[in-house]
Number of protein chains: 2
Amino acid sequence: MSRENKSSNIAFRKHDHRRCQRQLLSAARQVCETRKLRLTSRRRQVLEILLASHQPLGAYDILAELNRAADAERIAPPIVYRALEFLLVEGLIHRIESRNAFISCVHPGHQCAAQFLICRDCEQVAEIENGDSGLLAQADNIGFAVDHAVVEITGVCAQCQKHGE
Amino acid sequence: MSRENKSSNIAFRKHDHRRCQRQLLSAARQVCETRKLRLTSRRRQVLEILLASHQPLGAYDILAELNRAADAERIAPPIVYRALEFLLVEGLIHRIESRNAFISCVHPGHQCAAQFLICRDCEQVAEIENGDSGLLAQADNIGFAVDHAVVEITGVCAQCQKHGE
DNA sequence: GAAGTTACGTTATAATATAACATTATGTCG
DNA sequence: CGACATAATGTTATATTATAACGTAACTTC
């Protein structure tokens, strides 16, 4: 597959995945340092699993991964959920509500209102930077104080449309 | 439950709730008739529970309500989930992904891409008609074929902001 | 190094959702 | 009508996702 068909979008065009992981992990470290927070080994471990996947993973997928890595210890759900909670709050990962899953953030720490395009075929997720405005403006208009916006668009990505033909 | 007067926006400004319920139920009947679908008594029952609440309810809340109504029968989860599935597919209710909950649709059958403003204080939800476009246009631009858009904005509604002061 | 705090570990259980199969109701076509 | 097909409901069991509650270890600060 030479000309890796101009894969649709932002987050998922062809890229050096290793390098990407390294950079994002490094950015996460930076963020934590700046904020005087501890990116403990558990937290890092969970983040790394998400970075490695680059796709949404359920909490129990992560748990399984941890238990695969661990030699004998049996890691239990709260450990994962706590790490996820930390990473979410710090904007290092996102939760995909419509899948009960988690995915690493492409702009660590920027608590931007992220938006997602989710392909139901290949399950890949593209994170789109902000984009909207109209929406939040509308909320503002009627005096609604926005905390957090969940924008998740499901469909079929360009690649998968081609393959499906 | 004197929530009636706290309500703020679009979907929740003060209104004749009884009348609203009746109208929406009638609209649902219409939709089903047109589409040659059966709005069976279970389905109607579930829809009515959602209409009566006008707020998001979890599947198990609905289940509890059914069991309260039923005399002795013990209704089980699949019954509720199946009715919900039907109502969802026909666009008579929506699922609020970020709450694992369901809410009746304000425009039955219009499978419009609905958007929600969710107040984390009073838990009321306003359904906004489409409004957007920028988003979907953006998806379109990169060749992403949209199926379904989840837009759920959490925050504090105007009313609750006042009361909180 | 003792006290306070934060993170981690453990056990149990809550909350949400579905698989699989049996039964009943409804439609339909001879 | 009556037999077959289909759709809807009912039932049992279990899967999946998430959290409460409490104990232990690690780090921080004085």
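Note on naming: letters A, B, ... go to the chains in the order of the sequence lines (proteins, then strands), and numbering restarts at 1 for each one. All of these numbers come straight from a predicted model, not from anything done at the bench.
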Describe the nucleic acid contact of A/Arg43 in one word from base, sugar-phosphate, nothing, applying a heavy-atom distance below 4.0 Å. sugar-phosphate
Under the side-chain contact (heavy atoms from CB on, under 4.5 Å) criterion, do B/Ile96 and B/Ile118 qualify, and how do the steps go? CA-CA 9 Å; B/Ile96 306 288; B/Ile118 305 165; 3.7 Å; yes
For the CG atom of A/Leu63 and the OH atom of A/Tyr81, what is their distance to the nearest 0.5 Å? 8.5 Å
Check this for me: does any side-chain nitrogen of one of B/Arg99 and B/Glu152 sit under 4.0 Å from a carboxylate oxygen of the other? no
Just how far, in rounded Å, is P of D/dT17 from CD of B/Glu97? 13 Å
Contact class for A/Arg44 vs. all strands (heavy atom < 4.0 Å): base, sugar-phosphate, or nothing? nothing
Expressed as a whole number of angstroms, how long is the span from B/Ile79:CD1 to C/dA19:C1'? 15 Å
Please report the end-to-end axis angle for the helix from C/dG1-D/dC30 to C/dG30-D/dC1, five pairs per end, rounded to 10 degrees. 30°
If you find the nucleotide of DNA chain D closest to B/Pro78 and the one closest to B/Phe86, which residue's nucleotide is nearer the 5' end? B/Phe86
It should be established whether B/Arg42 places a side-chain nitrogen or oxygen under 4.0 Å from OP1 or OP2 of nucleotide D/dA7. no
Would you kindly give the CG-to-P distance between A/Leu63 and D/dT17, to the nearest whole Å? 11 Å
Can you measure B/Leu87 atom CG to D/dT9 atom P for me and round it to whole angstrom units? 10 Å
Using atom CD of B/Glu85 as one end and atom P of D/dA8 as the other, report the distance to the nearest whole Å. 12 Å
Nearest-nucleotide check on DNA chain D, A/Arg95 vs B/Arg74; residue mapping nearer the 5' end is B/Arg74
For D/dT17, does OP1 or OP2 lie under 4.0 Å from any side-chain N or O of A/Tyr60? no
Between B/Arg95 and B/Glu97, does at least one N-O distance fall below 4.0 Å, as a salt bridge requires? yes
Distance, rounded to the nearest Å, where B/Glu73 contributes CD and D/dT12 contributes P: 13 Å
From C/dG9, C/dT11, C/dA7, nucleotide with atom closest to A/Ala76 side chain: C/dT11
Among C/dT6, C/dA17, D/dT9, the one nearest A/Arg38 by side-chain distance: C/dT6
For the pair made of OH in A/Tyr81 and P in C/dT16, what is the distance, rounded to whole Å? 13 Å
Carboxylate-amine/guanidinium proximity below 4.0 Å for B/Glu33 and B/Arg29: no
Just by distance, with hydrogens left out, do B/Arg18 and B/Gln21 show a side-chain donor and acceptor under 3.5 Å apart? no
Pair B/Arg68 + B/Glu65, salt bridge at N-O below 4.0 Å: yes
Could you please name the option among D/dA18, C/dT18, D/dT11 that lies closest to any side-chain atom of B/Arg82? D/dT11
Which nucleotide in the set D/dT17, C/dT16, D/dA8 lies at the smallest distance from any side-chain heavy atom of B/Thr40? D/dA8
Return the minimal non-hydrogen interatomic distance between A/Phe86 and A/Cys32, and the atom names on each side. CZ-SG, 4.0 Å
Could you state the atom-to-atom distance from CG of B/Asp61 to C1' of C/dT16 in whole Å? 11 Å
